[in-house]
Amino acid sequence: MTIKRNDQALRPRAGSSPTAGEREILRVLGRAEDVGGVGAQILVSVGTAIVEGRLKPGDDLNSVELARRFNSSRTPVREALMTLEREGLVEIAARRRPRVRRLEIAEVREIYELRSELYGLVSRRIVARCTAGDLEVLGRIQSRLEEAAAAGDLDRYFWLVVEFRNEEARLAGNETVRNVLDSLGIRTLQLRHFSLSLPGRIETSVDDHRRLVRAYVEGEAELAAALTRSIVRRGLAAVERSGWTGSPG
């Protein structure tokens, strides 16, 4: 499969509707109503570029250049970068230019371990409480996943996977679990996008999600939980096989 990529690192979108990725970042940060401000534009443009791999771990983030690109003062730039630092995507050190943070492999493993267990719980709750009508929502997202996979559209496929997972968390009806998943922040998105960008991962992922939807429809709670944990663990295994260490070089 040929994967389509957009290598333009930062894409100011003044006057344009936010992309799926930008909407998700604003949602996770609780700033969905703030899409029009220049600070939000900087935040989502830099954040989405990091998540989608157009900005790489270790890349410098020049605040002067960002201010010029977004036609703003440096104050909104600093505020956006500080927000991304709190979310674990940016590193700001004294007397050094901000840069894209490198996630250490130990932290990556911890994040994936937690997500695996939480989504196992989500899947069991979906089977226990959801009607056939509820599950049709996941089926429709799965159809769009199949289309994006067939087109080799990595970014579209990835954000549809995020939509699928968000819908699962909503259907599970446990706000505490949903909030914990969101609290992992947008650094989780960076890892998940990177994993799906690796050779063969989209094909495996779309098949795994197809089997998961079938388990939901057939009311197989333990099978669904096992499949969803497997999906998360496959993602971690792909990151580990890539040689990711979180360190330079």
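Sequence neighbours left out, not one pair with a member in residues 166-190 passes ring pair (Phe, Tyr, Trp, His ring centres under 6.0 Å). Residue pairs meeting the ring pair (Phe, Tyr, Trp, His ring centres under 6.0 Å) criterion with at least one partner in residues 157-179, sequence neighbours excluded, are F158-H193, F164-H209.
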Worksheet entry | Chi angles and distances behind the salt bridge (Lys or Arg N to Asp or Glu O under 4.0 Å) call for R233, E117 | CA-CA 10 Å; R233 290 169 183 167; E117 295 306 313; 3.4 Å; yes
Worksheet entry | Worked check of side-chain hydrogen bond (donor to acceptor under 3.5 Å, both in side chains) between S195 and R192 | CA-CA 5 Å; S195 172; R192 291 158 65 188; over 6 Å; no
Worksheet item: Where do L61 and L55 land on the side-chain contact (heavy atoms from CB on, under 4.5 Å) test, with the steps shown first?
Response: CA-CA 9 Å; L61 298 167; L55 288 172; 3.8 Å; yes
Worksheet entry | Test side-chain contact (heavy atoms from CB on, under 4.5 Å) applied to L191 and L236, step by step | CA-CA 9 Å; L191 293 167; L236 173 59; over 6 Å; no
Worksheet item: Stepwise, does the side-chain contact (heavy atoms from CB on, under 4.5 Å) test hold for V100 with V46?
Response: CA-CA 10 Å; V100 179; V46 176; over 6 Å; no
Discussion item. Let's go through R99 and I92 carefully: what are the C-alpha distance in whole Å and the side-chain angles of both, what is the deciding distance for side-chain contact (heavy atoms from CB on, under 4.5 Å) to 0.1 Å, and is it a yes or a no?
Written reply: CA-CA 7 Å; R99 62 183 180 178; I92 302 175; over 6 Å; no
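Nearest heavy-atom pair across A149 and I202 is CB-CG2, 3.7 Å. In this structure, V44 and T48 approach most closely via the heavy-atom pair O-OG1, 2.6 Å. Residues V213 and G139 share a closest heavy-atom pair of CG1-CA, 4.5 Å. The two residues L89 and G47 have their closest heavy-atom pair at CD1-O, 4.3 Å. Of all non-hydrogen atoms in A238 and L198, the two that sit nearest each other are O-CD1, 3.2 Å. In this structure, V77 and S72 approach most closely via the heavy-atom pair CG2-OG, 4.0 Å.
The backbone N or O of N62 sits nowhere less than 3.5 Å from a side-chain atom of D60 that would complete a donor-acceptor pair. Distance alone, capped at 3.5 Å, is enough to place a donor-acceptor pair between the E22 side chain and the T19 backbone. A donor-acceptor pair is defined here as one N or O able to donate and one able to accept, closer than 3.5 Å; such a pair exists between the side chain of S183 and the backbone of V180. No donor-acceptor pair under 3.5 Å is formed between the side chain of R125 and the backbone N or O of G120. Within the 3.5 Å criterion, the main-chain N or O of V90 finds no donor-acceptor partner in the side chain of R101. Between the side chain of S45 and the main chain of Q41, a donor-acceptor pair closer than 3.5 Å is present.
A donor-acceptor pair shorter than 3.5 Å can be found between the side chains of R74 and S63. Side-chain atoms of R201 and T204 include no donor-acceptor pair closer than 3.5 Å. A side-chain donor from one of R165 and T228 sits under 3.5 Å from a side-chain acceptor of the other.
By the ring-ring contact (aromatic ring centres under 6.0 Å, His included) test, Y119 pairs with no residue at all, sequence neighbours left out. Looking at residues two or more places apart in sequence or on another chain, you find a salt bridge (Lys or Arg N to Asp or Glu O under 4.0 Å) between E146 and R210. Looking at residues two or more places apart in sequence or on another chain, you find a salt bridge (Lys or Arg N to Asp or Glu O under 4.0 Å) between D208 and R211, R234.
Distance CG/D59 to CZ/R54: 12.0 Å, rounded to 0.5 Å. Annotation: the span from L212 atom CG to D207 atom CG amounts to 11.5 Å, rounded to 0.5 Å. Between the CG atom of N174 and the CZ atom of R124 there is a distance of 12.0 Å, given to the nearest 0.5 Å. Interatomic distance, CG of L26 versus CZ of R23, reported as 10.0 Å (0.5 Å rounding). Interatomic distance, CD1 of I126 versus CG of L121, reported as 10.0 Å (0.5 Å rounding). Once rounded to the nearest 0.5 Å, the distance linking CG of L196 with CG of D155 reads 10.5 Å.
Salt bridge E147/R144: absent, no basic N to carboxylate O contact under 4.0 Å. Ion pairing between R86 and E91 fails under the 4.0 Å rule for side-chain N and carboxylate O. Salt bridge status for D134 with R129: absent, with no side-chain N to carboxylate O gap under 4.0 Å. Between R109 and E240, at least one side-chain N (NZ, or NE/NH1/NH2) sits under 4.0 Å from a carboxylate O, which counts as a salt bridge.
Cation-pi check for R115 over Y112 is met; the charged atom lies under 6.0 angstrom from the ring centroid and within 45 degrees of its normal.
Within 6.0 Å of CG on N179 lie more than 12 heavy atoms contributed by other residues, nucleotides or ligands. Within 6.0 Å of CD on E65 lie more than 12 heavy atoms contributed by other residues, nucleotides or ligands.
Taking the side chain as every heavy atom from C-beta outward, L118 and L114 approach each other to under 4.5 Å. Here the side chains of L103 and P57 are not in contact, with every heavy-atom distance at 4.5 Å or above. Between L135 and T131, every side-chain heavy-atom pair lies at or beyond the 4.5 Å cut-off. The closest side-chain heavy-atom distance from V28 to E24 is below 4.5 Å.
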Distance-only donor-acceptor pairs under 3.5 Å for side chains of residues 216-224, two or more places apart:
from : atom 1 : to   : atom 2 : distance (Å)
Y216 : OH     : S123 : OG     : 2.7
Y216 : OH     : E168 : OE2    : 2.6

